Amino acid sequence: ETGVTQSPTHLIKTRGQQVTLRCSSQSGHNTVSWYQQALGQGPQFIFQYYREEENGRGNFPPRFSGLQFPNYSSELNVNALELDDSALYLCASRDITHTDTQYFGPGTRLTVL
Amino acid sequence: TQLLEQSPQFLSIQEGENLTVYCNSSSVFSSLQWYRQEPGEGPVLLVTVVTGGEVKKLKRLTFQFGDARKDSSLHITAAQPGDTGLYLCAGDAGGTSYGKLTFGQGTILTVHP
């Protein structure tokens, strides 16, 4: 148990739809990162938020966006879904001032049909 | 773009055998982490190595960071069925990219009783 929770566990959408995935960080963690893990691959960094501001972005288009809230929960929004967006979406939280260790949630499995 | 090449991609061995997983890059990382991921769960951190040439041991697992901080290895002695899982290496470039991990594609390890 890492103390990081994600919802929903599984989600099925169709092409062109929009989706919002949610992450609840460990208490006191001020940084959250989102990763996309395609089947059979390692996770790929999407973006990171620190104190509600985006603090770095990977090679993902603008239709991937995020929010971090004052209580350190966060959202990943994906617009205009494509088939290739089907993946496991992971969030990871940490207290950037105290540790390098990122604690991953169990992920949300998104299927786009 | 930083890349981490992980090998082998698949490893199927008998209980009691030894194995080594490799993680190589042409880029320098400020630290390198090894994770283990079970089906339906997020990656769980095993170890972080930060100093070139560093060797860390965690029971039957030995982790090494290359002198130039571009490569790493994970060696498991006397593998057990409980070691079965997906092993991932992840590099942190540090600086402005601090915390934004670059993952290898993973090694699926199966240990047969």
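Naming convention: chains lettered A, B, ... in sequence-line order (proteins, then strands); numbering from 1 in each chain. We use all heavy atoms of the structure for the numbers below, so side chains are in, but hydrogens, waters and symmetry mates are not. Please read all numbers here as calculations on a predicted model, not as lab measurements.
- Residue contact with chain A, scored on non-hydrogen atoms closer than 4.5 Å, is absent for Gln6(B).
- For Tyr89(A) and Gln36(A), the side-chain atoms include at least one donor-acceptor pair closer than 3.5 Å.
- Under the 3.5 Å distance criterion, with hydrogens and angles disregarded, a donor-acceptor pair is assigned to the side chains of His112(B) and Ser12(B).
- Judged purely by distance below 3.5 Å, without hydrogens or angles, the side chains of Thr20(A) and Gln18(A) pair a donor atom with an acceptor atom.
- Side-chain atoms of Gln68(A) and Ser74(A) form no donor-acceptor pair, as typed in the model, at a separation below 3.5 Å.
- For the residue pair Tyr35(B) and Gln33(B), a side-chain donor N or O sits within less than 3.5 Å of a side-chain acceptor on the partner.
- Counting heavy-atom pairs closer than 4.5 Å to chain A, the top residue among Pro43(B), Gly42(B), Gly40(B) is Pro43(B).
- Residues of residues 68-88 of chain B that come within less than 4.5 angstrom of chain A, heavy atom to heavy atom, are Leu86(B), Leu88(B) in numerical order.
- Salt bridge annotation for Asp85(A)-Arg63(A): present, with a cationic side-chain nitrogen under 4.0 angstrom from a carboxylate oxygen.
- In terms of modelled atom types and a separation under 3.5 Å, the side chain of Ser25(B) and the main chain of Leu3(B) share a donor-acceptor contact.
- If you measure heavy-atom distances from Gln44(A) to chain B, you find no contacts under 4.5 Å at all.
- Looking at Leu101(B), the atoms closer than 4.5 Å to chain A (heavy atoms on both sides) sit in the backbone and in the side chain alike.
- Chain A forms the most heavy-atom pairs under 4.5 Å with one residue out of Lys100(B), Glu41(B), Gln105(B), and that residue is Lys100(B).
- The backbone N or O of Val112(A) sits less than 3.5 Å from a side-chain atom of Ser86(A), completing a donor-acceptor pair.
- Looking at Phe47(A), there are no atoms closer than 4.5 Å to chain B (heavy atoms on both sides), in backbone or side chain.
- More than 12 non-hydrogen atoms from other residues, nucleotides or ligands lie less than 6.0 angstrom from CG of Asn71(A).
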